[in-house]
Amino acid sequence: MEDFIKVLHARMKESIRLSGMTADNGIQSAHSCLEAVREILSELYAFMDTQDFLDRETEIRFYKEYLPMFRSEQFYYADLVFIETNRPFGTKKQTIRYFSGLLKEKELFFRRNNFLYKYYCLGRKDLDEELFSKSKTETQLFKSPLFGTEKEYLSDCSTSLSLIMANERISAFLKKSIRELETGKNETSVPNKSHMLWTDSKAALIELAYALQSRGSVNQGKSDVKSIIQILEETFNVETGNFYRTFQSMRIRKKNRTVYLDNLKDSLEKRMDEADRE
């Protein structure tokens, strides 16, 4: 199952990339990406119809890690379609008011889902069986004119987690759009406060941030992953994008799930060994 899901996820990302490239505007791009995700989800559902979970751990991992990677994309692009199709054609002030209203709705969503949001950000596992096991939670049939009617393989918390991941990205999109309208500048044109550049991969930075938070190395462990990543982004002039999705991908690595941290340790030990020989 894991191999199939990894291949399917890679196909989805490529389909999204190609769909975005062929669109003429924001609405077409979001709609094309949404259709691409729908096709991939249909394949996933058909595959899962033929599968049985070998154990409770596999079931929990599917609901908590694998499925939200796909469903979050569906929710994200569906929301983008809604935002772009309802975007006012009036003044800049009207557009800012429109985006600000949507942003307040997202903030309300996070307040209502505060427990699950913190549970996910902190990487907790102690309630996984209660939250992400289908046999432990009620399932629901998700019906919407936008999504159609689908057979759900989701617990309620799995759906909520997918929405959390999508709404993080939507919130970032709204904030960026508001800033650009207010300043009249593209984000890339804003001068950087720091001249330091992150020259490793974005996944490496995300891995480092999660390690710092898990260790409790910042503010006695009271800072969440999002805050730590924001500081690292500002310091090293890099945008990590959807770090939740990257973390999910790291968790399903077959072999080494902490590639960067292990390489970091090896590099430091090598430097120490070389210093000892001098």
Side-chain angles (χ1 to χ4, degrees), residues 1-23 29-82 113 116 120 125 128-129 131-170 203 241-255 257:
M1 182 177 71
E2 183 177 314
D3 290 340
F4 176 85
I5 290 175
K6 289 178 68 175
V7 171
L8 197 63
H9 186 250
R11 281 181 50 206
M12 180 183 70
K13 291 195 293 184
E14 180 64 12
S15 296
I16 290 173
R17 186 184 71 82
L18 294 175
S19 297
M21 290 174 58
T22 56
S29 176
H31 187 267
S32 295
C33 290
L34 178 59
E35 289 300 311
V37 173
R38 281 175 171 170
E39 291 183 12
I40 294 295
L41 273 171
S42 296
E43 290 188 44
L44 179 61
Y45 292 145
F47 174 75
M48 292 308 300
D49 272 336
T50 67
Q51 302 295 307
D52 292 318
F53 295 118
L54 299 177
D55 50 42
R56 184 60 58 79
E57 182 181 351
T58 305
E59 179 186 12
I60 290 172
R61 194 170 188 183
F62 177 76
Y63 289 142
K64 185 181 181 182
E65 299 180 22
Y66 296 149
L67 202 47
M69 293 192 305
F70 295 87
R71 288 305 297 273
S72 63
E73 295 287 351
Q74 182 186 28
F75 288 130
Y76 172 70
Y77 286 108
D79 217 352
L80 276 186
V81 170
F82 174 84
N113 292 274
L116 184 59
Y120 176 68
K125 299 180 180 180
D128 279 2
E129 188 169 336
L131 298 175
F132 297 101
S133 174
K134 185 177 180 181
S135 58
K136 291 279 186 177
T137 57
E138 295 182 359
T139 56
Q140 60 182 3
L141 190 63
F142 186 83
K143 297 180 179 179
S144 162
L146 183 58
F147 295 115
T149 301
E150 299 175 344
K151 179 176 179 181
E152 282 290 354
Y153 297 93
L154 296 172
S155 68
D156 290 340
C157 286
S158 185
T159 302
S160 296
L161 181 56
S162 300
L163 284 166
I164 284 172
M165 295 166 67
N167 282 330
E168 273 289 330
R169 296 171 66 190
I170 290 295
N242 185 6
F243 56 89
Y244 292 125
R245 183 173 58 181
T246 302
F247 182 61
Q248 293 283 50
S249 300
M250 289 162 52
R251 294 176 68 179
I252 65 173
R253 290 173 182 166
K254 267 192 170 182
K255 296 180 180 179
R257 298 201 290 180

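Every heavy atom of this structure was used, including side-chain atoms; hydrogens, water molecules and symmetry mates were not.
Asn167 meets the side chain to side chain donor-acceptor pair (under 3.5 Å) test with Lys106; sequence neighbours excluded. In this structure Glu39 satisfies the side chain to side chain donor-acceptor pair (under 3.5 Å) test with no other residue, sequence neighbours excluded. For His31, there are no ring-ring contact (aromatic ring centres under 6.0 Å, His included) partners two or more places apart in sequence or in a different chain. When the side chain to side chain contact (heavy atoms under 4.5 Å, CB included) test is applied to Phe247, the partners found at least two apart in sequence or on another chain are Tyr210, Met250, Arg251. Gln51 is linked by a side chain to side chain donor-acceptor pair (under 3.5 Å) to nothing, counting only residues two or more places apart in sequence or in another chain. By the salt bridge (Lys or Arg N to Asp or Glu O under 4.0 Å) test, Arg169 pairs with Glu73, sequence neighbours left out. Shown here are the side chain to side chain donor-acceptor pair (under 3.5 Å) partners of Asp55, two or more places apart in sequence or in another chain: Thr58. Residues that satisfy the side chain to side chain contact (heavy atoms under 4.5 Å, CB included) test with Ser29, not counting sequence neighbours, are Ala23, Cys33. For Glu43, the salt bridge (Lys or Arg N to Asp or Glu O under 4.0 Å) criterion is met by Arg11, not counting sequence neighbours. Partners of Glu57 by salt bridge (Lys or Arg N to Asp or Glu O under 4.0 Å), not counting sequence neighbours: none found. With sequence neighbours excluded, the residues forming a side chain to side chain contact (heavy atoms under 4.5 Å, CB included) with Lys13 are His9, listed by chain and number.
Scanning all heavy atoms of the two residues, the minimum distance from Tyr63 to Phe132 falls at CD1-O, 2.8 Å.
The shortest side-chain heavy-atom distance between Ile5 and Phe70 falls under the 4.5 Å cut-off. For the pair Met1 and Met48, the minimum side-chain heavy-atom distance is below 4.5 Å. Using a 4.5 Å cut-off on side-chain heavy atoms (C-beta onward), Ser133 and Arg56 make contact. In this structure, the side chains of Lys64 and Lys125 come closer than 4.5 Å at one or more pairs of heavy atoms. Side-chain contact between Tyr77 and Ile16 is present, with at least one heavy-atom pair separated by less than 4.5 Å.
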Practice item. List the steps, then state whether side-chain contact (heavy atoms from CB on, under 4.5 Å) holds for Ile60 with Glu129. Key: CA-CA 7 Å; Ile60 290 172; Glu129 188 169 336; 4.1 Å; yes

Practice item. With side-chain contact (heavy atoms from CB on, under 4.5 Å) as the test, would you mind laying out the steps for Tyr76 and Val37 before giving the verdict? Key: CA-CA 10 Å; Tyr76 172 70; Val37 173; over 6 Å; no

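If you take CD on Gln74 and CG on Leu163, they are separated by 9.5 Å, rounding to the nearest 0.5 Å. Interatomic distance, Phe47 CZ to Ser42 OG, rounded to the nearest 0.5 Å: 15.0 Å. Between Thr246 atom OG1 and Met69 atom CE the span is 11.0 Å, to the nearest 0.5 Å. Taking CG from Leu67 and CG from Leu41, the interatomic distance works out to 7.5 Å, rounded to the nearest 0.5 Å. Separation of atoms CG (Leu34) and CG (Asp79) is listed at 10.5 Å; rounding is to 0.5 Å. Here CG of Leu116 is found 5.5 Å from CG of Leu161. Values are rounded to the nearest 0.5 Å.
Between the side chain of Ser72 and the backbone N or O of Ser162, no donor-acceptor pair lies under 3.5 Å.
For the residue pair Tyr66/Glu2, the side-chain donor-acceptor check at 3.5 Å is satisfied.
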